[in-house]
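Below, chain A is the first sequence line, B the second, and so on; all start at residue 1. Bear in mind that the values here come from a model prediction, so they are computed numbers and not experimental data. We use all heavy atoms of the structure for the numbers below, so side chains are in, but hydrogens, waters and symmetry mates are not.
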Amino acid sequence: MLAIEDVHVYYGAIHALQGISFQVNQGEIVTLIGSNGAGKSTALKTISGLLRPKQGKIRFNGEDLKGLPAQKIVARGISQVPEGRRIFANMTVMENLDMGAYLRRDKPEIKKDLERVFAIFPRLRERKGQEAGTLSGGEQQMLAMGRALMSKPQLMLLDEPSMGLSPLLVKQIFDIIKEINAQGTTILLVEQNARMALSVATRAYVLETGKITLGGMARELAASEDVRKAYLGG
Amino acid sequence: GTTGAAAGNAAGGTIKVGGDLELSGGQAMFGQEAQNGIKMAFDQINAKGGVLGGKKLTLDVADNKSDPGEATIAATKLVGDNVVAVIGPMTSSLVAAATPVVTDSKVPLITPSGTNAKLTMAAGGKVQPYIFRPCFIDPFQGQVGAKFAFDTLHAKTAAVIIDQKSDYAKGLADTFIANFTAAGGKIVDQEKYASGDKDFTTILTRIKGTNPDLIWLPGYYNDDGLIVKQARDLGMKMPFAGGDGWDDPSLFKIGTPEALNDTYYVDHVANDSPDMVQFVKDYKEKYGHEPNAMSALSYDSANMIINAIQTANSGDPAKITAELDKLTGFKGVTGEITIDPKTHNPQKKAVIKENKNGKGIYLTSVSPS
Amino acid sequence: MGHVLREGLQQVVNGLSMGSVYALIALGYTMVYGIVKLINFAHGDVMMIGAYVGWLATSRLHMSFVPALLLAMASCALLGVIIERIAYKPLRNATRVAALITAIGVSLFLEYGNMLVASAQVRSYPPVLPSVSYKVGGVYLQYGAIVIFGTTIILMILLTLTVQYTKIGKAMRAASFDKDAALMMGVNVNSTISATFAIGSALAAAAGVLYGAYYNTIDPLMGIIPGLKAFIAAVLGGIGIIPGAVVGGLVLGLTEAAVSALGASTWRDAVAFLILILVLILKPSGLFGKNVREKV
Amino acid sequence: MLLKLENLSKSFGGLKAVANLNIEIGQSELVGLIGPNGAGKTTVFNLLTGVYEASEGKMIFAGKDVGGLRPYQVTHRGIARTFQNIRLFGDLSVIDNVKIAFHQHDKYSALSAVLRLPSFFRGEEEMESKALALLEVFHLRGRAAEVAKNLPYGEQRRLEIARAMATEPRLLLLDEPAAGMNPQETRALMELIRWLRDNFQLTILLIEHDMSLVMGVCERIYVLDYGMIIASGTPEQIRIDPKVIEAYLGEEAI
Amino acid sequence: MKVLNRKNLAILLAVLVAYGGIQAAIAARLVPPFYSVNLMLICVYVILATSLNLINGVTGQFSIGHAGFMAIGAYLSAIVSVKLHGPLGAAILAGAIVSAGVGFLVGLPTLRLKGDYLAITTLGVGQIVQVVFFNTNYVGGAAGFTVPRTVNWTWAFWLTVISIVIIHNFTNSTHGRACISVRENEIAAEAMGINSTKYKVMAFSLGSFFGGIAGGLYANYMYLIQPTTFSFLTSFNILVMVVLGGLGSMTGSIVGAVVMTVLSAYLSNFPEWRMVVTALLLIVMMLFRPSGLLGTKEFNLGFLGKKGESRAA
Ligand SMILES: Nc1ncnc2c1ncn2[C@@H]1O[C@H](COP(=O)(O)OP(=O)(O)OP(=O)(O)O)[C@@H](O)[C@H]1O
Ligand SMILES: Nc1ncnc2c1ncn2[C@@H]1O[C@H](COP(=O)(O)OP(=O)(O)OP(=O)(O)O)[C@@H](O)[C@H]1O
Ligand SMILES: [Mg+2]
Ligand SMILES: [Mg+2]
């Protein structure tokens, strides 16, 4: 479904991604793990068109995404829950969710999805009219997830969805990720919380300073000695 | 070494005259009209072979941005360029700012339209030796206006509207008030605005409450037109009168001809006077629009300098100054100019015009008493 | 007594007419600010260009009022988009002051560029708005003022509805807050911002044509003072808030009228600013502004 | 008691973010404040540090009421904090970040700075050496000249704590210091927190969602939900408290 | 002694050479008047730009009404020298002190405002000052206030040097760092124990003080001052210098002031095109160097000193 081939990305002189290749198949949950500054967020931003690769190919359903502006990539069915949530702080919770469905025109379906989001995050229903900027950190994370769900993506990119969430919510979020996936959305997940990520993922890749050093079935990686030492804290 | 350098200048093929003009900023219109007038005078003399046996006159312009500080800088630049004389600035306060510079450098300056009485007078009642003008001064205008309002229009009460940013308007207002009250009239209200304002309804409403026989409005035409129109829209039917600032063809486009009926103003010259006809025609031909008083006075200023150079037979600023000092019977398009050596003001007649159906019609002329 | 009352009422009407002119200009100002967070100092000058286009259309091309107005709005919309593309877009990620300086540059360029093209001469508008005034209970009411007031209110309502409830409006607000996040929602940020400038500049042009027609005269520097006043009006109401701009404009107009009515016309601008400052000290984000504190 | 919150409340419009909160913390204690997202934890910090004004209640620190003080005055009283979203002086160097926090302990006036009197040079020298010493402690000395925003995330978090320490506080408030850190970094942070407390006789109150950290270092924990305390006690007690499990930890708690 | 290290000695030498050279040239009548006016203007604008930089660049308070403080300094110094017959030094100082006082009074309530709200307020203060002078007949009202020229190159040069040194020394101290921290993040600065109000007001008053000094120099050199000289366009002009040089960089402000003054002098030969060219240059400059000529960096003479001694602030 998504194929990344030898992608290089620079921030000015910083060579943030040094030729990474990986793929995500239809229906999978794939996770990218790696330490701070490895380039995980950079990879996601490149896929969603916010950054331009200097070299390399990104294919989605066989189509080359190169040169497509970000808004067109969303229209192809890729949506992102960005690191740091990036909700629209000056808009209400409801308006944020509306923005998620910006490109959609199927009103009844949108309504259904809204109900689904509210069912997953009842707190958002309570705070429908509140300005998003005044939500607590966790509430904002829920909103960011909800907003991405509203675009009904084929492929959802999640950048550290569990950051700053209570343990209960972390668990819920991962349940939700599984659920969304079960409902047919393919997921590319970036996580600091590697243990959780590996537990829900089908396959995983390890990113180290801009290069992919390992890749394989999530279960296998979780069992690997190196990965445990470096990313699982034991 | 201004003098020496100027002589060197004269030895070349050209003689440089400076223009310290309002080419940008709030009064940019004045400077541009003046520049046109001066250039026309120079082009005409140059076409006739120039002065001093073939030397061409050139205008060295410096933009004073309608700002007094910049007027000082512009004057400094011009005297640094060794001009033999300076024309401009056009507005009184800027002339005051340029005066010390030209005085220090002993270069004569003619302000075409700086009408403030104090410009040519130094402290202690002495004349400013290097400042000249071809126009009459504010007290004279105010006096003529007051007499006309009282005697001819039979106004017993008057209100005055003053542009607070304009020294000129203030001068005209002061002398009007003095002369009008001395004649037995009464000033019932004084209101102020700032040039550039577009809405005058609030001050007009106040004046309306005092119901004067006449409104003395010594501003510039673009404000005058608007004020009169807005007054008429508020149902105010009394006559208006003002000074030479009214003189511009676009007055009637800004205010409607109908609104401007029953308004009067003091002016330097009637556009249909025999002296002006040729100038108006030439000017229209050259620049595509009618001249106003600024263009005409600047044209005269330029010719005063040409005349002084020719009679002095020299491009030396000191000699030009001396010639200007004793200028008599100079035939300008705005009238005959004789400089009073004690005041450096010309003895000139004023005319009064009435606006009638979109034209300023000559009514009468008044000689200085 | 009746006389004083009538004069007072007349001054209120005068103030409201002046105020609605400020409000009309402030609408576009505040809208662009609300979305792009740029003090578009060139707004007053776009208004001036609009006035000139309207003048050309009516006096030279002999068009009638409404077509001339539409032409002016269309050309200024285009001008606004061009200005944004050339001068503001490259600075989206630069500091706010850099954009402000560019806006000043654009403002000077429009003023003096037009002075080169059209000369500094004051032009007068052909009488496209009937110069009629109605007398109601001794108080005079200008036809033009009524038109401007009405236009302002209608545009205010339309704009508010657009920004609050339409898709493009939401996209505008989203892009205003976080461009990248808006992109991730599928918003075409560039065209959204262009649309913002197009609408803002078209509004400026409408204001310019009405201003020219109402006050009869236009010149290349005519936009400076109204631009400044509109800025005050917008801030007074809470910058970025559309109804706030209108209320701010009207309050400003009434204040100026009151100051003049009391015979202190030369203190008008100072009092206007003083009131603005006092309001801001009491309500730091303007009359309608929410006092948003940064959440820590 | 070093810190005593009595009946502290804060409402935003209709929402009661903190409701009748009572908390006591003794000298040199290391206390955790946990609770679901939106429970009001950060709000408590904001109230304590004068960012928000309490709707009701009292805050007694070292025997004195700190209610109604401006943030800088609270800092002068000896309370320092870090922020949930890092707020470094991003464009300044690492050492300048720390020096700024030393400001209140400065001994020279603006006049002696302008005239470059000897007291200026003495003051600057002292500050420089104090700042470097502090950076040394936080393993940031090698980064002293770097621009703060260019540091990796983990080091930025550490710098934020170093900067807070430079104000020489008696009470340190840490808002989610481990957020965005991987397990290793979190473990190092734990060590650091303990070490700080022991070395500076510091009292620490920390908010954190990473239970390994909270359970690992805190001696006592308060659990907040809907602005109210639903439980308090040792980590062991909290871990098995059914109310906490239901509201916060979830069934399969660690 | 630290004050007399190699770097500072070199700077001192350069300053003395600059002063002596120009003074000698003026004495020998080698400097055409137009040039000497512009040299004076450069001094005036350097003081204005560096002092505005202290407010806008260093402390991050968006002030766009600096001409108002220049006006206060100009008028007050003119009153002292013309009406009270005070000596020039006293006149300039009095102007500066009153300007700082007004800055303090205005700053106290208004500096709570943020960003654009503060901007319009400072603009308003500038306008109010202008209106007050317009309406005060004691200082000539609209007609202006005539002041004899008593300022010469020596006055202008040394006042500029002193202003620069004071602003530099203030900025490069713990007090300056406190101002910078307010600019960087006010909430964090407060949390670090910095009284942000105090430092904002301090920077604002100090900036106004030097704005007043510049006004005093201007008034006592230019023969005539008028309220219109100190319009918001003048304020913008100063702001442009600061931003052009690089907001936050003092050397940048100096460069900006020199460049803009020289440019304006040069362009006065092309009056019709002057403003259009200035406008285009502004736009192009900002497009290619949005953070100004020097960014926030200082042009540094560090290579003259020992290593490490002159770390950039
Ligand atoms: N806007 C930027 N400008 C310059 N460098 C950047 C920028 N954003 C990221 N980098 C650098 O690129 C590298 C990769 O960053 P990235 O944010 O992708 O890491 P990450 O793996 O997501 O880390 P984290 O776990 O901290 O989120 C890092 O060295 C970072 O410092
Ligand atoms: N300035 C504000 N205006 C309105 N509501 C606010 C404001 N600040 C906080 N709140 C609300 O108060 C509640 C508590 O917020 P707070 O930030 O204290 O939560 P928290 O416990 O720190 O949560 P998290 O763990 O997610 O950071 C939340 O519901 C939040 O939406
Ligand atoms: Mg990341
Ligand atoms: Mg929190």
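When the shell of 6.0 Å around OH of E:Tyr19 is examined, it contains more than 12 heavy atoms from other residues, nucleotides or ligands.
If you take CE on D:Met127 and OG on E:Ser173, they are separated by 8.5 Å, rounding to the nearest 0.5 Å. Interatomic distance, E:Ile187 CD1 to D:Asn46 CG, rounded to the nearest 0.5 Å: 8.5 Å. With values rounded to the nearest 0.5 angstrom, E:Ile180 atom CD1 is found 11.0 Å from D:Asp91 atom CG.
With contacts defined as side-chain heavy-atom distances shorter than 4.5 Å, the pair D:Phe120/E:Asn169 does not qualify. With contacts defined as side-chain heavy-atom distances shorter than 4.5 Å, the pair D:His103/E:His175 qualifies. Put simply, the side chain of D:Tyr72 does not reach to within 4.5 Å of the side chain of E:Ile194, judged on heavy atoms. Put simply, the side chain of D:Leu92 reaches to within 4.5 Å of the side chain of E:Arg183, judged on heavy atoms.
Using a 4.0 Å cut-off between a side-chain N of Lys or Arg and a carboxylate O of Asp or Glu, D:Glu124 and E:Arg177 qualify as a salt bridge.
With a 4.5 Å cut-off on non-hydrogen atoms, D:Thr49 does not touch chain E at all. For chain E, the nearby parts of D:Ala110 are the backbone and the side chain; heavy atoms of each come within less than 4.5 Å. Of the two parts of D:Thr82, neither the backbone nor the side chain holds a non-hydrogen atom closer than 4.5 Å to a non-hydrogen atom of chain E. Neither the backbone nor the side chain of D:Phe102 comes within less than 4.5 Å of any heavy atom of chain E. Contact annotation for D:Phe89: both backbone and side-chain heavy atoms come within less than 4.5 Å of a heavy atom of chain E.
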Worked verdict on D:Arg116 versus E:Asn172 for side-chain contact (heavy atoms from CB on, under 4.5 Å): CA-CA 10 Å; D:Arg116 293 279 128 125; E:Asn172 291 287; 4.0 Å; yes
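The shortest non-hydrogen separation linking E:Phe170 to D:Val114 is CB-CG2, 4.1 Å. When all heavy atoms of D:Ala101 and E:Met192 are compared, the pair lying nearest together is CB-SD, 3.7 Å. Across every non-hydrogen atom of D:Thr167 and E:Ala191, the tightest pair is CG2-O, 4.5 Å.
E:Glu190 contributes no side-chain N or O that, together with a main-chain N or O of D:Arg70, makes up a donor-acceptor pair within less than 3.5 Å.
The choice from D:Ala166, D:Ser109, D:Gly123 that makes the most heavy-atom pairs within less than 4.5 Å of chain E is D:Ser109. With chain D as the partner, the residue from E:Asn195, E:Ile166, E:Thr197 showing the most heavy-atom pairs under 4.5 Å is E:Asn195.
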